[in-house]
There are 2 protein chains.
Amino acid sequence: MTEPVVAPGRARGGRRDEILATFTRHVAERGYDRANFGDVASELGMSKGTIVHHFGTKDRMLAEVQERYMRRRLAEAHVLLARLTAPEQRIAAFVHAGVRYSTEEPATTVAFQREVVRLTDEPGMETARAQRDAYRDLVVAVLRDGEADGVFVPGDARLRSLQMFGSLHWMWTWFDPAGRMRAQDVAAEFCRTLLRGLGVGEAAVVAAADPDGPVARCVAEVCAPRP
Amino acid sequence: MTEPVVAPGRARGGRRDEILATFTRHVAERGYDRANFGDVASELGMSKGTIVHHFGTKDRMLAEVQERYMRRRLAEAHVLLARLTAPEQRIAAFVHAGVRYSTEEPATTVAFQREVVRLTDEPGMETARAQRDAYRDLVVAVLRDGEADGVFVPGDARLRSLQMFGSLHWMWTWFDPAGRMRAQDVAAEFCRTLLRGLGVGEAAVVAAADPDGPVARCVAEVCAPRP
DNA sequence: CTACTCTGCCCGTACGTGCGGTCAGTTCAC
DNA sequence: GTGAACTGACCGCACGTACGGGCAGAGTAG
């Protein structure tokens, strides 16, 4: 699950990343409130104090998880937007990417989605909230552009983005990466229903949703686990 | 916010309902883990012991919240299915009803949606889980029927139901019943995108999604706050 | 090379607090 | 009398975090 970071013994940055990864997994499994330093520390064979030394408080640890996650997602989103230009392809890419994360980095994704609500009010989450809003704005802009181009039927772009994010963010409650259903097939089905719902023609829908099509391949390249 | 139940003093069933309502609101606002007996009790001007006397444990309180909520939703769903027969109308009714709850009973709805995940594993939640599954099965059945009738384009009915529930269950993170946006308009937009995505013809889509149309009116009657 | 110091990583413990739940006992309606 | 509603004091525990110190490696003066 957690790849060996650098080498045994003293790794660059110490065990900081290791702590963060384990904490993330615990948040994913039990939620933030029930995740605690003691369990993380004992699982890693270290002291609670070590965690405090590296991160200070629990809040900040969660904030760091969220910020790291959103930073990667934002970076990838910009690359995808640069490579794909058709509105329906761009939307499809967001969906494929959103679903893909659930298998690629299940722990981080679930941890993020479980605790997004803390972005809205909790102090210290301003950065992560801004990142999340920026991401949503990217999607809204694509929906507006597509609408202006006549690719999507007129409608409320913000509501549509929320409808789309809802489907994706809810996945953590039912999707099992180890289950029978493949992530790509979920993405394809979601894409088809969504794009068709936006008024995209059937041929373009099928092409953009295809789990082996150009959009999905592009997403696979961009979102590949970093080397 | 909380309507005066019966009369001051000794109400039928004691203050049990009052406790449950306040607890529900606290769960909606802070989540289950951060909701505690002390705050509920002091807000109601009673002792913690009273709450324990009525409900035993915190788990059971949550279970009762979930079960009451799902019981009402299931009852209404059956009425709606009896009154509406066209697949696209039935799906639209589920969406309208789902959105409507967010304004009609914000506390209960948010409390339920925030903590649905506990239905999957936590013991003592079997009843609520069964109710939730039954509800989802109703939707899946409608999707399958519509598919068989040729109203919906072929696809994975279970995935589609999850896509739909995702959009609705996510609402608690962004929808503000007191905000500018009306629930009915959210429902209309969601309906339009979803039904169109299922392959329903444009005329039927517009009719079923109309916030003042027959489907919405039917839902309003059935889901009216009980007298 | 040696000795000394500085610094960042890490440990173990202890403290304070908040919370779920218990219990013995009181009040009150019937 | 009987039983339900209710109280308030109390317990035990889990958890976040503060704190003091240990230890190894880098830098530096001699």
Side-chain angles (χ1 to χ4, degrees), chain A residues 5-66 111 114-115 118 122-125, chain B residues 5-66 111 114-115 118 122-125:
Chain A
V5 193
V6 186
R10 198 69 69 248
R12 157 252 51 230
R15 313 217 237 167
R16 202 166 184 281
D17 291 349
E18 212 176 338
I19 294 170
L20 208 60
T22 306
F23 175 71
T24 302
R25 214 184 59 247
H26 283 220
V27 171
E29 285 166 4
R30 320 178 193 173
Y32 176 76
D33 287 319
R34 288 170 131 77
N36 60 297
F37 287 0
D39 289 348
V40 172
S42 77
E43 186 176 318
L44 257 40
M46 65 175 61
S47 157
K48 279 202 290 180
T50 307
I51 300 181
V52 176
H53 166 73
H54 281 292
F55 296 95
T57 68
K58 204 181 166 188
D59 309 338
R60 273 214 278 281
M61 258 182 110
L62 182 65
E64 189 157 337
V65 171
Q66 311 271 52
R114 260 191 110 133
E115 308 297 338
R118 295 182 197 275
E122 226 105 327
M125 292 287 192
Chain B
V5 193
V6 185
R10 200 68 71 249
R12 144 292 15 245
R15 313 216 240 167
R16 203 167 183 280
D17 290 349
E18 212 175 339
I19 295 171
L20 207 61
T22 305
F23 175 71
T24 303
R25 214 185 59 247
H26 283 221
V27 171
E29 286 165 4
R30 319 178 193 173
Y32 175 76
D33 286 318
R34 288 170 132 78
N36 60 295
F37 288 177
D39 289 348
V40 172
S42 77
E43 185 176 320
L44 259 40
M46 65 174 63
S47 157
K48 270 204 302 180
T50 306
I51 300 181
V52 177
H53 167 72
H54 281 293
F55 296 95
T57 69
K58 204 182 166 188
D59 309 336
R60 272 214 277 281
M61 259 183 108
L62 182 66
E64 190 158 335
V65 171
Q66 310 273 51
R114 261 191 110 132
E115 308 296 338
R118 294 183 197 276
E122 225 105 329
M125 292 286 191

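Values in this document were obtained by computation on a predicted structure and should not be read as measured data. The sequence lines fix the lettering, A, B, ..., with proteins before strands; numbering per chain opens at 1.
Rounded to an integer number of Å, the gap from CD of A:E18 to P of C:dC9 is 15 Å. Rounded to whole angstrom, the span from the CD1 atom of A:I51 across to the P atom of C:dC9 amounts to 15 Å. Look at CG on B:D17: it is 12 Å from P on D:dA5, rounded to the nearest Å. The CZ-P distance, from B:F55 to D:dA5, rounds to 11 Å in whole Å.
Across all their heavy atoms, B:R114 and B:V27 have their closest contact at CD-O, 3.5 Å.
Looking at A:R16 and A:E64, their side chains come closer than 4.5 Å, going by heavy atoms from C-beta outward. The shortest side-chain heavy-atom distance between A:M46 and A:V40 does not fall under the 4.5 Å cut-off.
In this model, the phosphate group of D:dC6 is approached by a side-chain N or O of B:H54 to a distance below 4.0 Å at OP1 or OP2. Contact annotation: A:H53 side-chain N/O to C:dC10 OP1/OP2 distance is not under 4.0 Å. A close approach under 4.0 Å does not occur between any side-chain nitrogen or oxygen of B:R15 and OP1 or OP2 of D:dA4.
With rounding to the nearest 0.5 angstrom, the CD1 atom of B:I19 is 4.5 Å from the NE2 atom of B:H54. Here B:I51 contributes atom CD1 and B:F23 contributes atom CZ; the two are 9.0 Å apart, rounded to the nearest 0.5 Å.
Counting only distance, with no hydrogens or angles, the side chain of B:S42 and the backbone of B:G45 share no donor-acceptor pair below 3.5 Å.
For A:K58 and A:Y32, the positive end sits near the middle of the six-membered ring, less than 6.0 Å away and at most 45° from its axis.
Where the helix from C:dC1-D:dG30 to C:dC30-D:dG1 starts and where it ends, the local axes point in directions that differ by 10°; five pairs per end, rounded to 10°.
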B/S/- along nucleotides 12-25 of chain C (protein heavy atoms under 4.0 Å) is B-B----SBBB---
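In this structure, the salt bridge (Lys or Arg N to Asp or Glu O under 4.0 Å) partners of B:D33, at least two apart in sequence or on a different chain, are A:R34, B:R118.
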